[in-house]
Amino acid sequence: MEYNHREIDQKWQSKWAAEGTYNAESGTDKEKFYVLDMFPYPSGAGLHVGHPLGYIASDIFARYKRQKGFNVLHPMGYDAFGLPAEQYAIQTGQHPEKTTAINTERYRQQLDNIGFGLDWSREFKTTDPSYYKWTQWIFIQLFDAWYDHNEGKSKHIDSLIAHLNANGTEGLNAAQTEILEFTAVEWSAMSEAEQAEVLLNYRLAYRSESNVNWCPALGTVLANDEVKDGLSERGGHPVVQKKMMQWSMRITAFADRLLEGLDRIDWSTSLKETQRNWIGKSQGATIFFDIDGHEGQIEVFSTRPDTLFGATFVTLAPEHELVQKVTTEGQREAVEAYQAMAAARSERDRMADTKTISGCFTGGYAIHPISGAKVPIWIGDYVLASYGSGAVMAVPAHDSRDYAFAKHFDLPIIEVVEGGDIAKESYDAKEGKMINSDFLNGMECMDAKVKMIEHLEGIGYGKGATQYKLRDAIFGRQRYWGEPIPVYYENGVAKTLPLEALPLTLPEVDKYLPTEDGEPPLARAENWTFNGHPLETTTMPGWAGSSWYFLRYMDAHNDGEFAGKASTDYWNQVDLYVGGSEHATGHLLYSRFWTKFLFDMGFISFDEPFKKLVNQGMIQGISAFVHRINGTNTFVSAGLKDQYDTQAIHADVSFLQGDELDVEAFKNWREEYKNAEFILEDGKYICSREVEKMSKSKFNVTNPDDIVEKHGADVLRMYEMFLGPIEQSKPWNTQGLSGVSGFQRKFWKLFHKGGSFNLSDSPADKKALKAVHTCIKKVNEDIENFSMNTSISAFMIATNELTDLGDNSREALEPMVRLIAPFAPHLAEELWEKLGCKGSVNHAAYPVHNEAYLVEDSKNYPISFNGKMRFQMELSLSLSPAEVEAVVRADERTAGYVGDKQIRKFIVVPGKIVNIVIG
RNA sequence: GCCUGGGUGGCGGAAUUGGUAGACGCGCUGGAUUCAAAAUCCAGUUCCCUCGGGAGUGCGGGUUCGAUUCCCGCCCCAGGUACCA
């Protein structure tokens, strides 16, 4: 009886859907388990075999947990706002909502084909107004909040207003855009507009004039994580710096907590490290230099205040506000020329070219805060205006950039930490004894750092300080296809919409492009106002909707709250989150930020969203190339291509049988190849192969639908797992499927001895039970460790052994059905039904191994003979070393001699193995 | 440059705390079955070799009775990040 995968897949998928087999239970006293996949952006290209890899792994885990008796939440939805749908809309005039609906439909079909155990009753798209109503609501909560560093948490803006009313800024320790100081009286005297302006300085969602990454080609601003190497992540267009009025999120207020939280979650070290680098905490000191002949001071930040005695000049960023003041008449022309040049260089040029040293002397001098020496003030574009105070004290002996600068402009270099050879290069290491440093001499430099900070604080010329690389996140986008920001402007003052007015839905526009005078597309909408006041025209970035979606699944249809407290308390953190590591500095950081905020405000009771995170690797495609001889329409087989001058062209992998090209199929592919000639080797045309990213444009895509159609969903599921460790990237190879397909057939045959379903009720063979329980043990361990690839091997081994033994007892085979259910749910359901068992196998208890079936008889065997002879004995696990020795002595062969050789030594590993060295 | 991860057959990849390296699968070779092919089944498959063995987990050392595993020094690959003071 053959396994008909088409019929069986169909039968169970409909049944699951009809019965809601995978819907999470409500009002249960079972322990919960929340498994989540990073929801997809439904692109027009549909899914390829790489996309479901993580979904399959999480599905196996979720099914396993369900069988272990947990109430499992495993939902799915779509992250549907974003650029591709909008760009398509710009080109075709079609509303992005329509494109999104079509793509979503396609994704759903493809996902259903694979037989995922998902709770579709909680499905939503981030573009649903019923969802983004609450994204907008969260924005309003952020607008109505500030961050109190004294208490280390976010608080409602009313508490800040109360503080300002009573004390002004006295005693205030808030996260802020710029440092403000005023009294309660001054505060009260301000107009409403002035007060609103001041409050924006503290709000967690705020509007300010700031330097942004502007992408002219896309016509929008981008967040730091959306820019790679000075180009936009999407499209690869150049990005320039520009000052603009912008909505931002004060994520920097949470920098320390975002770092600290990493210690409490189970993520990969590399991912945590990526986030730590991105946050970029440095501890050091702020140091003040008086300016020779002028009022005011230059503030610098240094992680090495211990080297202050080695500071021989000060460098300001070209844009630094003090440049104008310190520049002498004689240097003014040169300085202005340098500033102009630096301003003309784009961020990208500046980054690409870090070798060229450039700078200019201002003519002014700063006063060394301790020695009182005059040190020259330079400007140089190696100093970034946006980090720290935009000024550095240059210590060329112990900083490689300062060293290069000093060498280039012939500035003095003073060694203050022993250990390097400063004639050759700077000594940047943070170890060594201090020299040439007055009261620090002889100290270890890290001790000297502490001492110096104390000293500076004592004389009022500096204080300990911490800097972060992390910047506030730009939140507004000059685009159509995003959540409207729920803000209107009354006499120029930004105000948020009341809850009754939400959702603020996207208006209809005639075109999805900016207006002629550069306003965002929403400005095209007729009557884009609230109560007669103009509404904000920028929309939210792609990461807004994905920063809290895991909470919505807990209570997906709640119209009165983003999610009810009872639901969020029960489901709590996501226990297992599976997705790609490319979201390390975007989504995964922003959702941690929003979670901490919602926690502070008491809306949820946990402050880290994802307890355990697994990053799945990418499945690559193996592209095929044909080689066309330049200037001809003749193609030469791969083995002969070096004899010609050729160009490699992608050929569709579907034309290949192994590495051999189906020449006819290729000829019919495109008009230009119709009359192509082929130079064969051994009568075949062989293509060369290369592993690349799987992509439509490389013609190396495998569609999961085709695999499901040919081999069934279970084979696809098991093969994707069998491919290798989940975290690793690996190429897709369709050939390998036959192994898993053959396994499935063999497994099915175990239950169909003699052609029809046939199990014996006699007791199982002892060896069969051993094979089954070995498999149970291995699979349980593998799933817990998330290494499902070796589970498939374990299934294959057990199946081969059972086939060889010819055992078809119910006792041995019934547990195998429950065991394989998470991997091959359709197969398992079918067999479960044939076994006459009640209910879905997906709710049947997961098998637990019985140690008694696994015990080996102890045995002795020689492992090698190499000058000395060694015996290795496997003994009972419970023996002490002394007992082991007794056993060995009792053994005839080891009673002092083995043959004519005397025992030299026992090496006893307690509890397991004894080695006996003989010689 | 810095941080993180990783180098095992023709390929994907296995190897508790150090204990017979190469499980499982693909591919390949030979055989059975077949008019033939596909499918299926059986046997073999790390490399070298004089068929008795010898070498072998990126390279060079070390610890150990014993190292893919632990330590030291290199090389290479992948990802992240980059004038962040």
Side-chain angles (χ1 to χ4, degrees), chain A residues 228-229 268-278 280-282 284 287 300-305 307 311 315 317 350-351 353-357 380-384 386-395 398-402 404-405 428 467-471 581-582 584-585 615 617-618 622 658 718-719 722-725 727-743 745-746 749 778 781 787 789-800 861-864 866-872 874 904-907 909-919:
Chain A
K228 294 256 184 300
D229 301 327
S268 73
T269 41
S270 69
L271 200 89
K272 287 187 187 183
E273 214 43 49
T274 302
Q275 289 212 343
R276 285 194 188 104
N277 284 342
W278 188 260
K281 181 175 184 171
S282 327
I287 303 172
V300 305
F301 174 74
S302 174
T303 52
R304 298 292 304 277
T307 63
T315 313
R350 221 161 129 166
M351 282 197 292
D353 176 25
T354 59
K355 299 264 185 310
T356 315
I357 293 150
D381 71 358
Y382 79 98
V383 179
L384 302 178
S386 53
Y387 182 77
S389 56
V392 300
M393 65 175 209
V395 184
H398 305 289
D399 181 286
S400 54
R401 293 152 305 180
D402 296 341
F405 197 84
D428 295 14
Q467 281 289 336
Y468 300 90
K469 281 195 260 183
L470 184 71
R471 305 291 151 79
S581 55
E582 65 273 20
T585 53
N615 293 125
M618 251 201 293
I622 307 181
M718 289 192 283
Y719 184 57
F722 188 58
L723 231 36
E727 304 88 349
Q728 237 159 70
S729 290
K730 55 241 157 181
W732 177 263
N733 173 9
T734 302
Q735 262 177 345
L737 266 168
S738 62
V740 175
S741 184
F743 154 70
R745 197 162 36 238
K746 276 191 216 166
K749 261 172 91 173
K778 178 77 178 136
E781 286 167 1
S787 58
N789 54 326
T790 47
S791 299
I792 307 295
S793 296
F795 280 121
M796 289 175 174
I797 293 167
T799 302
N800 287 341
Y861 51 94
I863 54 172
S864 68
N866 186 12
K868 298 168 183 174
M869 180 183 270
R870 291 182 208 99
F871 277 87
Q872 188 178 48
E874 254 178 50
R904 276 265 188 80
K905 190 175 173 188
F906 291 88
I907 299 144
V909 181
K912 196 163 183 194
I913 282 169
V914 57
N915 286 306
I916 307 137
V917 181
I918 302 160

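Naming: A, B, ... by sequence-line order, numbering from 1 per chain. Both backbone and side-chain heavy atoms feed into the values below; hydrogens, waters and symmetry mates do not.
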Undergrad: If you look at every strand shown and take non-hydrogen atoms under 4.0 Å, does A:S400 touch a base, only sugar-phosphate, or nothing?
TA: nothing
Undergrad: Output the rounded distance in Å from OH (A:Y719) to P (B:C24).
TA: 17 Å
Undergrad: Restricting to ring pair (Phe, Tyr, Trp, His ring centres under 6.0 Å), what partner residues turn up for A:F301, sequence neighbours left out?
TA: none
Undergrad: Syn or anti: how is B:G9 classified when any glycosidic angle within 90° of 0 counts as syn?
TA: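 Syn, angle within 90° of zero.
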Undergrad: What are the two closest heavy atoms between A:K730 and A:P725, and how far apart are they?
TA: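 Result for this residue pair: NZ-O, 2.6 Å.
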Undergrad: Quick one: pull up CG in A:D381 and OG1 in A:T315 and give me the separation to the nearest 0.5 Å.
TA: 11.0 Å
Undergrad: Using the C1' atoms only, state how far B:G19 lies from B:G30, rounded to an integer number of Å.
TA: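 Pairwise C1' distance, B:G30 against B:G19, rounds to 36 Å.
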Undergrad: Taking only side-chain N and O atoms of A:S581, does any of them lie within less than 4.0 angstrom of OP1 or OP2 on B:G80?
TA: no
Undergrad: Can you check the distance between B:A15 and B:G22, where both ends of the measurement are the P atom (answer in whole Å)?
TA: 13 Å
Undergrad: I'd like the P distance from B:G9 over to B:U57, given in whole Å.
TA: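 Taking atom P in both B:U57 and B:G9, they lie 10 Å apart.
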Undergrad: What's A:R745 touching, base or sugar-phosphate or nothing? Going by heavy atoms closer than 4.0 Å.
TA: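 Answer is sugar-phosphate: A:R745 comes under 4.0 Å of backbone atoms only.
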Undergrad: Roughly how far apart, to the nearest Å, are B:U64 and B:C71 at atom C1'?
TA: 12 Å
Undergrad: For A:K749, enumerate each residue passing the side chain to side chain donor-acceptor pair (under 3.5 Å) test, keeping only those at least two apart in sequence or located in another chain.
TA: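 Applying side chain to side chain donor-acceptor pair (under 3.5 Å) to A:K749 gives none.
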Undergrad: Report the residues that fulfil ring pair (Phe, Tyr, Trp, His ring centres under 6.0 Å) with A:F405, sequence neighbours left out, ordered by chain and then residue number.
TA: A:F313, A:W378, A:Y382, A:F409
Undergrad: Could you work out, with side chain to side chain donor-acceptor pair (under 3.5 Å) as the rule, every residue matching A:R745, not counting sequence neighbours?
TA: none
Undergrad: Pick the closest RNA chain B nucleotide for A:A391 and for A:T274 by heavy atoms, then say which residue is nearer the 5' end.
TA: A:T274
Undergrad: Could you list the residues that satisfy side chain to side chain donor-acceptor pair (under 3.5 Å) with A:S282, not counting sequence neighbours?
TA: A:Y387
Undergrad: Pull out every stem in RNA chain B, meaning runs of 3 or more consecutive Watson-Crick or G-U wobble pairs with both distances under 3.5 Å.
TA: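 B:1-7 with B:75-81, B:10-12 with B:24-26, B:27-32 with B:40-45, B:46-48 with B:53-55, B:58-62 with B:70-74 - these are the stems of 3 or more pairs that involve RNA chain B.
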Undergrad: Where do N or O atoms of nucleotides 5-15 of chain B meet protein N or O atoms at under 3.5 Å, pair by pair?
TA:
unit_1, atom_1, unit_2, atom_2, d
B:G12, O2', A:L723, O, 2.4
B:G13, OP1, A:Q728, OE1, 3.1
B:A14, OP1, A:N789, ND2, 3.2

Undergrad: What residues, two or more places apart in sequence or in another chain, satisfy salt bridge (Lys or Arg N to Asp or Glu O under 4.0 Å) together with A:K272?
TA: none
Undergrad: What integer distance in Å separates A:Y382:OH from B:G1:C1'?
TA: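 A:Y382 atom OH is separated from B:G1 atom C1' by 17 Å.
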Undergrad: Does A:L271 or A:S282 map to a spot on RNA chain B nearer the 5' end, using the closest nucleotide for each?
TA: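 The residue closer to the strand's 5' end, by nearest nucleotide, is A:L271.
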Undergrad: So what does A:S268 touch, heavy atoms closer than 4.0 Å: a base, only the sugar-phosphate, or nothing?
TA: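 Answer is nothing: A:S268 stays at 4.0 Å or more from every strand.
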Undergrad: At under 4.0 Å between heavy atoms, what does A:K746 touch on the DNA or RNA strands: base, sugar-phosphate, or nothing?
TA: sugar-phosphate
Undergrad: Who pairs with A:D402 by salt bridge (Lys or Arg N to Asp or Glu O under 4.0 Å), at least two apart in sequence or on another chain?
TA: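 Partners of A:D402 by the salt bridge (Lys or Arg N to Asp or Glu O under 4.0 Å) criterion come out as none, since no residue qualifies.
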